[in-house]
Amino acid sequence: HPDADYGNSDFDTRHNFTAFFQYDVPGSHYGPRWLSNGWTANSTLSFHSGLPFSLAAIGDWSGTGENTDRPNLVGKPYDGVSHTPTSDGVQWFNPNAFAFPDPGTYGTFRRNQLFGPGYSDVDLAVVKTTQVAERLRVQFRAELFNIFNRANLGNPTFLGANLLIPAGPGAPFTIPITSTNGEQFGLPGIGPGEPFNAQLALKLIF
């Protein structure tokens with residue numbers, strides 16, 4: 001039934017804004033030129049809405065043996081959900097809005113109809129380039145990532161996949177968001193949108 005698989009792309013990002021700013025700091029005529037010249041500051045801003053995800057009613061409800069049947073929609077997916085972080089994670093959608101399908105039937109909820117958390121990241125870099133010789137420059141870089149330390153959450157997942165157990169009638173389990181965006185894409189701690197971190201680098205340019 002092709003209509004049952006009609007839905008949003010896995011990378012359907014509805015709103016996306018990216019900007020890059022760079023400022024070459026004017027040098028000073030006072031003091032040593034090597035100290036006051038060669039400074040540059042730049043910043044990258046990235047904001048986008050959340051990515052879609054699917055729900056799967058765990059179990060062989062249709063009798064096909066594929067074990068990826070979809071649930072039925074019986075309520076409002078975001079009704080009564082505050083998205084407030086707790087010690088157990090963030091409950092992103094209303095699990096009581098879904099129910100397991102009847103045995104021998106397919107669920108009615110289409111693929112990728114729910115959208116996860118949005119993404120917001122501001123990075124900053126300060127660069128100092130010093131001319132050492134005619135063909136040699138030394139560049140020092142201080143790079144700060146996610147300077148406002150915003151929590152960029154990943155989508156709700158179950159065992160690393162978009163297989164979520166709805167908690168409607170006959171389904172007692174819920175799956176909250178428990179990971180960040182970087183961990184979702186296999187880069188915990190250092191991926192895009194992870195908590196604030198910084199790195200220092202020294203480059204020789206010749």
Side-chain angles (χ1 to χ4, degrees), residues 8-28 35-55 76-95 112-130 137-162 164 174-205:
N8 300 308
S9 162
D10 291 342
F11 302 99
D12 183 7
T13 306
R14 301 293 177 89
H15 307 93
N16 200 329
F17 175 82
T18 303
F20 176 79
F21 299 93
Q22 178 169 307
Y23 177 66
D24 294 326
V25 181
S28 174
L35 184 61
S36 61
N37 288 265
W39 290 94
T40 301
N42 57 66
S43 178
T44 302
L45 293 78
S46 181
F47 307 92
H48 63 73
S49 54
L51 293 172
F53 62 93
S54 298
L55 295 182
K76 298 180 179 180
Y78 298 108
D79 190 32
V81 179
S82 66
H83 294 170
T84 302
T86 67
S87 59
D88 296 324
V90 177
Q91 193 64 47
W92 192 252
F93 62 93
N94 173 22
N112 282 349
Q113 295 302 298
L114 297 179
F115 283 81
Y119 177 89
S120 174
D121 180 69
V122 178
D123 301 332
L124 176 67
V126 178
V127 181
K128 173 66 171 76
T129 304
T130 303
R137 290 178 295 166
V138 175
Q139 186 180 86
F140 172 76
R141 305 178 64 91
E143 298 172 320
L144 311 176
F145 303 96
N146 194 6
I147 61 176
F148 296 111
N149 200 32
R150 183 184 186 276
N152 287 293
L153 301 174
N155 282 351
T157 58
F158 174 67
L159 298 180
N162 282 336
L164 310 186
T174 62
I175 300 298
I177 296 175
T178 58
S179 67
T180 55
N181 185 77
E183 184 174 353
Q184 176 183 346
F185 290 99
L187 295 171
I190 61 173
E194 288 296 87
F196 169 80
N197 59 84
Q199 69 177 14
L200 304 177
L202 187 65
K203 297 174 62 177
L204 298 178
I205 304 174

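Note that this is a predicted model, so its numbers are computed, not measured.
Across all their heavy atoms, G118 and N152 have their closest contact at O-OD1, 4.0 Å. In this structure, S46 and T18 approach most closely via the heavy-atom pair OG-OG1, 4.1 Å.
In this structure, the side chains of F145 and E143 come closer than 4.5 Å at one or more pairs of heavy atoms. Side chains of I177 and N155 form no contact here, defined as non-hydrogen atoms less than 4.5 Å apart. Contact check for V122 versus F47: side-chain heavy atoms found under the 4.5 Å cut-off. Side chains of N42 and F20 form a contact here, defined as non-hydrogen atoms less than 4.5 Å apart. By the 4.5 Å heavy-atom criterion applied to side chains, D79 and N94 are counted as neighbours. Counting heavy atoms from C-beta outward, Y23 and V25 have side chains that approach closer than 4.5 Å.
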Chi angles and distances behind the side-chain contact (heavy atoms from CB on, under 4.5 Å) call for N146, D121: CA-CA 5 Å; N146 194 6; D121 180 69; 3.3 Å; yes

For H83 and W92, what are the C-alpha separation, side-chain angles and deciding distance, and is it a side-chain contact (heavy atoms from CB on, under 4.5 Å)? CA-CA 6 Å; H83 294 170; W92 192 252; 3.3 Å; yes

Assess the residue pair V138 and L202 against the criterion (side-chain contact (heavy atoms from CB on, under 4.5 Å)); give the C-alpha distance rounded to whole Å, side-chain angles, the decisive distance to 0.1 Å, and a yes or no. CA-CA 7 Å; V138 175; L202 187 65; 3.5 Å; yes

Show, in sequence, the C-alpha distance, side-chain angles and deciding distance for F115 and L51, and conclude whether the side-chain contact (heavy atoms from CB on, under 4.5 Å) test is met. CA-CA 5 Å; F115 283 81; L51 293 172; 6.0 Å; no

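Take Y119 and apply the ring pair (Phe, Tyr, Trp, His ring centres under 6.0 Å) test, not counting sequence neighbours, and it matches H48. The side-chain contact (heavy atoms from CB on, under 4.5 Å) check on F21 picks up A19, L45, with sequence neighbours excluded.
Between R137 and Q139, the side chains place no donor N or O within less than 3.5 Å of an acceptor N or O (distance only, hydrogens not considered). Judged purely by distance below 3.5 Å, without hydrogens or angles, the side chains of D24 and T40 pair a donor atom with an acceptor atom.
Atom CG of L144 sits about 8.5 Å away from atom CG of L200, to the nearest 0.5 Å. For the atom pair F17 CZ and S120 OG, the distance stands at 11.0 Å (nearest 0.5 Å).
Remark: side-chain polar atoms of K203 are not paired, donor with acceptor, to backbone N or O of R141 under 3.5 angstrom. At least one donor-acceptor pair closer than 3.5 Å links the side chain of S43 to the backbone N or O of D123. In this structure a side-chain-to-backbone donor-acceptor pair under 3.5 Å is present from S9 to F11. In this structure a side-chain-to-backbone donor-acceptor pair under 3.5 Å is present from N197 to P195.
Taking the six-membered ring where the residue is Trp, F53 and F93 present tilted rings, their angle falling between 30° and 60°.
N112 pairs in a side chain to side chain donor-acceptor pair (under 3.5 Å) with only one of the listed residues (N8, D12, D10), which is D10.
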